[in-house]
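Okay, structure first, notes after.
The structure displayed is predicted, hence computed values, not measured ones. Order of the sequence lines sets the chain letters (A, B, ...), proteins ahead of strands, with each chain counted from 1.
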Amino acid sequence: MSNAVITLDADARQDSLWRLTWRSFRRHRLALFSLVLLVVLGTLALFAHQIAPYNPNDIDPRNPLVVRGTPQPPSLEHPFGTDNYNRDLFSRALYGMRVSLGVGFMAMLISIIVGVLVGAVAGYAGGMVDNVLMRVVDVFLSVPSFILFLALNAILDPSIWNLILILGFFSWMDVARLVRAEFMALKERDYMLAARAVGAQSRRLILHHLLPNALSPIVVAATLVVPSAILSESALSYIGLGVPPPDASLGNMLEDAKAWMLTAWWMWVVPGALISIIVLAFNFVGDGLRDAFDPTLTRR
Amino acid sequence: MTRFLIRRVVQTIPLLIGISILAFLIIRLAPGDPTVVYIDPNKPPPSAEDLARLRADLGIDDPLPVQYVRWLGNAVQGDLGFSLSGRRPVTDEIGERLPNTALLGFTSLALTVILAIPVGILSAIYRYTVFDYVITVVSFIGLSVPGFVVALFLIQVFAVELGWLPSTGMHDVRENYEGWRAVRDVAEHLVLPTIALSAASIARWARYQRSSLLDVLNQDYIRTARAKGARERRVLRVHALRNALLPMITIGGLSIPQLVSGAFIIEFVFGWPGMGRLAVNAALRRDYPVIMGVTMISAIFIVLGNFLADLAYHWADPRIRYE
Amino acid sequence: MRLKMVSGLIVLAVIAVLAGSPSVGPAPAAAQSDEFACPNTGGTLITAITDDPVSLNGIYANDGASVAVLSYVFNPLTLGGENWGTEIKGDLAESWSVSEDGLTWTFNLHQGVKWHDGEELTAEDVVYTFQTIQTSEADIAPFRPRFMQGDEPIQFEAADDYTVVATLNAPNASFFTDISVPIVPRHALEGQDLREGPFNRAPIGTGPFKVVEWNTAESIVLEANEDYFRGRPCIDRLIFRIIPDEQTQVAALQTGEVDFLPNIPGASVPTFQDNPEFTVSIAEQDSLFQMFFNLDNPKFQDVRVRQALMTAIDRQAVVDIVRQGYGVVHNSHFDHVVPFYQQDKLGGYDYDPERAGALLDEAGITDSDGDGVRDVDGEPWVITIASFSGGFRDYSDYAVVVQAFWEDIGVQTELELRDLSTLVEQIYQERVVDKPFEVHTSGWSVIGPEPNSYANFYMWTDALGPNIPNYRNEEVNELFEAARVETDFDARMAIYEKIEAILWEELPTLPLYRNTEPAVLSSRFNIDDAVLDISLGTNFRHPERIYQN
């Protein structure tokens, strides 16, 4: 089935892993589109301060013309409408995106760093070290996350940073397991046996051989931790335990919209759609990356 | 292999003890204690003397190691303590809620398996066709809309607007159904929460199944089989599917804990009387015995799930050696 | 407006009649026949609560869910105390009298009142209930302080099967409502483990309904008490569904899985407003939402600062934004159900941001560097507001609005949310003077019409009490003590009005508003005779008179 042309041209450039990956990724249209979308949204969020027409927490207390207590539908002045506090939803959406994306990314960083460390050591070392580390992972996995979360929430005062810590704290276990499984499988691959036979040192083996090849599931996992953290944040906000008011996050915007589902659809459509789009986009990108990284697929 | 098994079983005990210590410590670190159920911020609180007396009576003033050892001693005999916020033995509380969560969990798992695996397989076989793209998009939507939004939407459409299904709870309280009618009643109440709960996992499983089968189909031995002239159907059935299904078993093993810990948000929105709500309410009310009980039950299932998953890894890929 | 005045007048009238002849009760004006002919019998009314009760033992549990259920199961001796409405009259007590010196109270019970297990109610049960509250070690009776005089328990005894005599060591005008607690049966509880015994989940009371089933996290089923002394309830069953999410409760009301909700979010009212399948009633709640200062914090020790912060808030805006208008601006530190409350009597804090700013300037808190934020000694002047996270949305909602008003006059604020247990420990339990909070948003409800019930909130004592702001004012202390023993009704109320005026001037707390609640009932039921009254745990004055249309 292969229709690859075999060439013995001595000038054929050796494409790096990243070039190959990028080329393959580009072919995955949905993934590419999602990546562009995320970059756009990310930029908007980053420059929320400059772009937002209003202060997102401003309820304009002195304005007697304001129709208080009733959310206003989208209009020229307020493209996404207002909530019952008379706050501009477009501005809140921008800042909310910033908070949610920020929380997602930071939580991802924490979980990746901790997870890769633990997983790599466990997967490579094997034996007793692996056992102990995996039991530690199990211990953290076994305590129902909500109980852990509520306890941590009570111990550390609720704030965005603590929320990031806690969310990151819940995701590192899966990353660790993933990395460990990859390392364990890769460890036994032929090229590893060869490298070891030649006498390569452990550190070189890990850094130069295992990690780059394990990178693909790590990157894929990273892109999937972000949406998971964002979804967790929105769920927690729904019951009032997420990002505390008055700051906006996509999750607590949904919570504000709870009572207004039928009478003020714009209050929940905006954050709901944004969350879904962001999560969707990350999933597509992750999917595209997974396909792109797979060397067997690119050879077609 | 047997040595591995025995070693794992033996290691489970310190593991469970470790889990119990972690849970015990962390919930104690949080401010507040079980006497919070007596305090309503809207009303004058009880006197400090009464609260102190109750604390001494409940034993929560004793040094932590003493409290822990006392709990452990009772727990291994099957006495998980008494819930102050529920006024019942913890075993009663858990015993009543666990089946409800398990029911929801199993149904969701069954729905996931029945829907996701065939869809994933078909997606892989007909990859890059319109069918595949449509399935991809639909499953990703299932993955990305937050579960409670799906739940609210389902309630609004199917319960309020159409009136086809009930919006809350596990039973109809107005009527007292018996026998088959009661089973049907529970089934009706089960539909919406199951869909809300499964939306994400169906999508996830379908994607995994698809990529797993794709991986297998690109392996050399498949190419060999095709080169030998075997028909595509035989290639699939005899060689590919078996290998593609193995990772799903692993994922299945990892899903077992869900059966026990429950998806709190779904239970909350639907008012489903399950373990998720029990755990959260216990945490909010600092009901230490219940928290410990729920944690340990959940832990046992997670350990079991991991164990099965590891076994599946080993079975699936004999190259992974367990020393 | 009118409803308030009318209800206030009625209460005044009842009390005036009662108090006018202090030695004998009840008032003939309030006499009503207990005979009620049900236009229709049968049916099941379903309502909803958000959480499981903690316990259904009437003398131990005081949380909202417990009170909602056990109010149907038990009767108190007298009404008008906490959880038992705004009318001061007897329930199990058919008549009563006070001795000339005010030290001996005699209560005569209705005869032929049956417990749910068939036994008859006697004075022994009443004495048992009160003594258990005073002495029990096993559990915490939140009402205990009301049955004590200083450190001494009030003496109760059963003179005969239907007569209870109480002996005080000083006159106490609030005694009548202080003892307004559910009466529990001695024969069922004596010798039982009160904390872990079955009574917590399967209580026996005298009330119009009895507990039949409690499916944890799902429902509590009550059945009509055939022998209820005020007449068998018209409906057969009353069921509480436990639905934690407010929105799902509203959905359940729409689908018919729930028939009655005593309060729905203002945003959901339009759905039911013009719908013939439902009747919406707006009921005024005996409640008060306030912001509590920590007066030991030097920031708030200047009264001008407190007055400025009060004047900076447009309280009507708070009601409009947070409650969608379902609330009333409140002008007192006492609930509106006390006899001397008048809506427009006390004022002076109308929304005036300029004046608020001027007051702060006077107090030395100015914006010296013109950056829009007031500062003191070069440091920005920041107020931290503590509120509840999780389900107590009302409090954190209005905190956000108040934040906006304070920031508008240059006061920088930070909002800190903590969960209930944390705040309970840090604010409500600690007797330490340096409680870690500056301003706390909270409120209370259904304290009742007896002004003495509010004493604990504003009196400074050594015991742990709900004096959250750490308010110490000798004069207020003395006035409360004096009012407690004053027997002349008018003189008493005059003393309380003095206290009211002092508190209004000093503002240890900032009273913002009280709730009105939209209650929605399915049109299949009729509550005209039952009389909706959400200051009662049952939400109805005569729950046995609910009937199907």
Side-chain angles (χ1 to χ4, degrees), chain A residues 1-2 30 126-127 130-131 134-155 174 177 181 184-185 187-189 227 230-231 234-236 238-239 251 254 258 261-262 268 272 275-284 287 290-291 294 296-297 299-300, chain B residues 7 11 14-16 18-19 22-23 26-27 29-32 133 136-137 140-141 143-149 152 156 200 203 207 211 214-215 218-219 223 226-227 257 261-262 264-265 268-269 275-276 279-280 282-284 291 294-295 298-303 306 313 317 319-321 323:
Chain A
M1 276 275 250
S2 168
L30 270 174
D130 173 36
N131 243 332
M134 281 303 109
R135 295 313 126 229
V136 170
V137 169
D138 280 343
V139 166
F140 279 98
L141 274 174
S142 306
V143 182
S145 52
F146 243 88
I147 291 179
L148 256 185
F149 176 80
L150 286 171
L152 287 171
N153 207 14
I155 299 170
D174 287 322
R177 281 239 224 104
M184 281 177 61
K187 212 170 56 167
E188 309 298 334
R189 287 265 170 92
I230 293 180
L231 284 175
S234 69
L236 288 168
Y238 188 71
I239 46 176
L254 271 178
K258 231 196 327 193
M261 295 210 69
L262 291 175
W268 59 268
I275 292 180
S276 304
I277 291 173
I278 292 174
V279 170
L280 202 58
F282 270 104
N283 276 309
F284 278 137
D287 207 48
R290 190 188 293 132
D291 282 352
D294 193 330
T296 56
L297 286 179
R299 207 160 283 139
R300 238 174 303 113
Chain B
R7 192 149 359 100
Q11 281 170 350
L15 174 65
L16 288 176
I19 293 168
L22 176 69
I26 216 154
I27 200 71
L29 279 175
Y133 272 127
T136 304
V137 172
F140 275 127
I141 291 177
L143 270 176
S144 47
V145 179
F148 62 93
V149 173
L152 289 170
Q156 201 54 45
R207 298 301 301 169
S211 54
L214 280 181
D215 274 346
N218 280 311
Q219 297 291 335
R223 209 177 288 150
R226 286 198 189 117
S261 41
F264 166 72
I265 265 289
F268 180 85
V269 174
M275 293 281 280
V280 171
L284 286 172
I291 295 172
V294 170
T295 303
S298 170
I300 290 173
F301 273 86
I302 289 180
V303 166
N306 283 350
Y313 268 138
D317 191 346
R319 290 178 300 173
I320 298 173
R321 222 149 305 226
E323 284 121 45

With only heavy atoms counted, which part of [X] is less than 4.5 Å from chain A, the side chain, the backbone, both or neither?
X	result
B/L152	side chain
B/I265	side chain
B/L22	side chain
B/V145	both

Chain B contact via [X] - side chain, backbone, both or neither, heavy atoms under 4.5 Å:
X	result
A/M261	side chain
A/L280	both
A/I277	neither
A/L254	side chain

Could you pull out all residues at least two apart from B/T295 that satisfy side chain to side chain contact (heavy atoms under 4.5 Å, CB included)? A/V143, A/P144, A/I147, B/I19, B/A23, B/I291
dist A/L231:CG -> B/S144:OG (nearest 0.5 Å) comes out at 8.0 Å
Of the non-hydrogen atoms in B/R7 and A/N131, which two are nearest, and what is the gap between them? NH1-ND2, 4.2 Å
